[in-house]
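Read the structure below first, then the notes.
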Amino acid sequence: MAKAVRIICNILVALFLVCALGILAALGIPMLSGNHLFAVQTASMAPTYPVGSILIVEPVDASEIQVGDVITFELDSFSSMITHRVIEVNEAEQTFITKGDNNENIDFFPVPFQSLDGRVSYGIPLLGNLVTCIRTMGGIIICLWILFI
């Protein structure tokens, strides 16, 4: 009986380590190459990027952005980053017109080129929920408990 419990524990620890290394690679490698990571908090970009996804955002110059690109930006009137699709680039005014894939109307505000954080390279569904959880006190305690075990 004790041997079976030990085997099960070893398998669970191995699975946990494989998952942890996979998540570390999925998040760590993009960060080491200068990309930014953001968790999707709203459904404005669903189904392309559902709530709980993590987005890998590559810093690019505004001149590289084209209609159809998904960009992440910050505006003075909002306290968090916003990710929406570019539907128009206005070179004269140096702004983007954006719209969430799940929104019926275009965004009320044009996005100045200088507010651009970058272009979304890709998203990983559900991983944002894990990252958001880990940043809480409860998530930290659970992670420490798992490491202790």
Side-chain angles (χ1 to χ4, degrees), residues 8-9 11-91 93-149:
I8 291 171
C9 286
I11 291 171
L12 290 174
V13 167
L15 286 173
F16 173 77
L17 288 175
V18 167
C19 289
L21 288 174
I23 291 169
L24 186 62
L27 300 179
I29 292 171
M31 287 179 63
L32 289 174
S33 61
N35 294 330
H36 305 145
L37 280 71
F38 298 101
V40 176
Q41 303 292 322
T42 69
S44 69
M45 284 302 293
T48 308
Y49 302 114
V51 173
S53 298
I54 193 127
L55 302 179
I56 311 304
V57 177
E58 173 188 15
V60 295
D61 191 73
S63 64
E64 296 181 40
I65 301 300
Q66 301 175 7
V67 171
D69 286 345
V70 177
I71 62 171
T72 298
F73 54 92
E74 183 176 26
L75 296 177
D76 294 335
S77 56
F78 293 89
S79 60
S80 63
M81 302 302 276
I82 300 167
T83 299
H84 281 170
R85 190 173 305 279
V86 175
I87 59 168
E88 183 184 327
V89 178
N90 186 330
E91 294 285 342
E93 295 182 16
Q94 295 201 333
T95 59
F96 303 108
I97 304 300
T98 57
K99 177 183 174 296
D101 288 357
N102 198 30
N103 296 346
E104 290 187 21
N105 300 315
I106 64 171
D107 293 338
F108 175 72
F109 42 84
V111 178
F113 282 5
Q114 66 266 22
S115 296
L116 175 70
D117 184 71
R119 177 177 45 219
V120 175
S121 296
Y122 60 94
I124 305 170
L126 303 176
L127 197 52
N129 289 331
L130 178 63
V131 171
T132 302
C133 177
I134 289 172
R135 290 182 176 172
T136 66
M137 182 56 76
I140 292 169
I141 291 170
I142 289 171
C143 289
L144 291 173
W145 183 76
I146 289 171
L147 289 173
F148 177 73
I149 290 176

With rounding to the nearest 0.5 Å, note down the distance linking [atom1] in [X] to [atom2] in [Y].
X	Y	atom1	atom2	value
L116	F73	CG	CZ	9.5 Å
Y49	T83	OH	OG1	9.0 Å
N129	I54	CG	CD1	9.5 Å
L55	T48	CG	OG1	10.5 Å
L127	S53	CG	OG	9.0 Å

Quick one, I106 with E88, criterion side-chain contact (heavy atoms from CB on, under 4.5 Å). Give me CA distance, side-chain angles, the key distance, then yes/no. CA-CA 10 Å; I106 64 171; E88 183 184 327; over 6 Å; no

Answer with yes or no whether the side chains of T98 and D107 bring together a donor and an acceptor at under 3.5 Å.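 Yes, side-chain donor-acceptor contact under 3.5 Å.
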
Run the side-chain contact (heavy atoms from CB on, under 4.5 Å) check on M45 and V40 step by step: do they pass? CA-CA 9 Å; M45 284 302 293; V40 176; 5.6 Å; no

[X] side chain near [Y] side chain, heavy-atom distance below 4.5 Å:
X	Y	value
E74	M81	yes
P112	L75	yes
D101	S44	no
I56	L37	yes
V89	F96	yes

Write down the atom of V70, the atom of R85, and the distance for their closest heavy-atom approach.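 That closest heavy-atom pairing would be CG2-NH1, 3.3 Å.
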
Taking all atoms of both residues into account, what is the closest heavy-atom pair of P59 and N35, and its distance?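 Smallest interatomic distance, heavy atoms only, reads CD-OD1, 3.7 Å.
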
Counting only N and O atoms by type, is there a donor-acceptor contact under 3.5 Å from the side chain of [X] to the main-chain atoms of [Y]?
X	Y	answer
T95	V111	no
D69	I71	no
N102	A43	yes

For side-chain contact (heavy atoms from CB on, under 4.5 Å), just list the numbers for R119 and E58, CA-CA rounded to whole Å, side-chain angles, deciding distance to a tenth of an Å, and then say yes or no. CA-CA 5 Å; R119 177 177 45 219; E58 173 188 15; 4.1 Å; yes

So I97 and N90, side-chain contact (heavy atoms from CB on, under 4.5 Å) or not? Walk me through it. CA-CA 8 Å; I97 304 300; N90 186 330; 5.6 Å; no

